[in-house]
Amino acid sequence: MYRISFTGYRDEKLPFFGEDDPMCVELKQRLSDWIKKLADEGAGEFYSGMALGVDTWAAEAVLELKESRPEIKLIAVIPCPEQDERWSAANRQRYREILERCDKVMTVSPNYHKGCMQKRNRALVEMCDVLLAVYDGKPGGTQFTVNFAQKKGKKVIVVEPM
């Protein structure tokens, strides 16, 4: 059994206009297909940082797969308890519903501080064997996480966002 962590862009950094946009629907399907393929190849634990966008979509795809494959595990690795504090009510509800269905929730920092998101990203890399990244080379947290995984010798699978 091996472990998969996710990294990718928040929804506002992607070139879609909402989750109903055909490009977003297609990306979510490719992400789901990768998760199923990795589970078929022996991945048993999936780690999500639970940010909006790719992290959330990946977590939902794992939960959907768990309906037919209850042996796989979803672990949330959140940067701090107040990660969702400034989100919309709908996003907070979605986030909390996912957390309730996770097999485990890990909190990296007891409180928000500058750098706790990066600390979460490093933890995601440290815990995985494979990093599944929705990434197209743009600078930011996803790039940092991909580069860190490569430096650590982790296998990185890149899924193009478009």
Looking at Arg96 and Glu100, is there a salt bridge between them, counting it only when a charged N and a carboxylate O are closer than 4.0 Å? no
Taking the basic N atoms (NZ, or NE/NH1/NH2) and the acidic carboxylate oxygens, is any pair closer than 4.0 Å for Glu126 and Arg122? no
Minimum-distance pair of heavy atoms, taken over all atoms of [X] and [Y]:
X      : Y      : result
Thr7   : Val54  : O-CG1, 3.9 Å
Ala39  : Arg69  : O-NH2, 3.1 Å
Cys24  : Phe16  : CB-CD1, 3.4 Å
Leu74  : Ser48  : CD1-CB, 4.4 Å
Asp103 : Ile72  : OD2-O, 3.9 Å
Gly137 : Gln143 : O-NE2, 3.6 Å

Side chain to side chain contact (heavy atoms under 4.5 Å, CB included) between Ile78 and Met106, intermediate numbers included: CA-CA 6 Å; Ile78 62 173; Met106 302 171 65; over 6 Å; no
Please assess Tyr95 against Leu52 for the test side chain to side chain contact (heavy atoms under 4.5 Å, CB included), listing each intermediate value before the final yes or no. CA-CA 8 Å; Tyr95 172 79; Leu52 296 172; over 6 Å; no
Is [X] atom [atom1] crowded by more than 12 heavy atoms from other residues, nucleotides or ligands, each under 6.0 Å away?
X      : atom1 : result
Lys13  : NZ    : no
Gln150 : CD    : yes
Lys36  : NZ    : no
Lys138 : NZ    : yes
Arg94  : CZ    : yes
Met162 : CE    : no

Side-chain heavy-atom pair [X], [Y] within 4.5 angstrom cut-off:
X      : Y      : result
Asn91  : Asp84  : no
Tyr135 : Val159 : no
Ile35  : Leu65  : yes
Leu131 : Phe6   : no
Thr107 : Pro81  : yes
Asp20  : Val25  : no
Ile98  : Met50  : yes
Val134 : Leu31  : yes

Are [X] and [Y] grouped together when hydrophobic residues (ILVMFWY) are joined by side-chain heavy atoms under 4.5 angstrom apart?
X      : Y      : answer
Trp57  : Val62  : yes
Tyr2   : Ile75  : no
Met117 : Leu99  : no
Val108 : Val125 : no
Ile157 : Phe144 : no

Flag for Gln29-Asp33: side-chain donor and acceptor within less than 3.5 Å: yes
Compute whether any side-chain donor of one residue and acceptor of the other, for Glu45 and Tyr47, lie under 3.5 angstrom apart. yes
Is the backbone of Ala51 close enough, under 3.5 Å, to the side chain of Thr56 for a donor and an acceptor to pair up by distance? yes
Side chain of Arg3, backbone of Val130: donor and acceptor closer than 3.5 Å? no
What distance separates [X] [atom1] from [Y] [atom2], expressed to the nearest 0.5 Å?
X     : Y      : atom1 : atom2 : answer
Ser32 : Lys37  : OG    : NZ    : 14.0 Å
Asp11 : Leu27  : CG    : CG    : 11.5 Å
Cys80 : His113 : SG    : NE2   : 8.0 Å

Yes or no on salt bridge (charged side-chain N to carboxylate O under 4.0 Å, His left out) for Arg10 and Glu12, after CA distance, side-chain angles and deciding distance? CA-CA 6 Å; Arg10 288 179 176 80; Glu12 72 267 6; 5.1 Å; no
Could you please spell out the steps behind the side chain to side chain contact (heavy atoms under 4.5 Å, CB included) verdict for Lys154 and Phe148? CA-CA 9 Å; Lys154 306 287 180 155; Phe148 185 66; over 6 Å; no
Please report the C-alpha distance between Tyr112 and Gln83 in whole Å, then the side-chain angles of each, then the deciding distance to 0.1 Å, and finally whether the side chain to side chain contact (heavy atoms under 4.5 Å, CB included) criterion is met. CA-CA 8 Å; Tyr112 175 81; Gln83 172 169 255; over 6 Å; no
Apply salt bridge (charged side-chain N to carboxylate O under 4.0 Å, His left out) to the pair Glu19 and Lys28, showing each step before the final yes or no. CA-CA 9 Å; Glu19 288 187 55; Lys28 288 166 66 175; 2.6 Å; yes
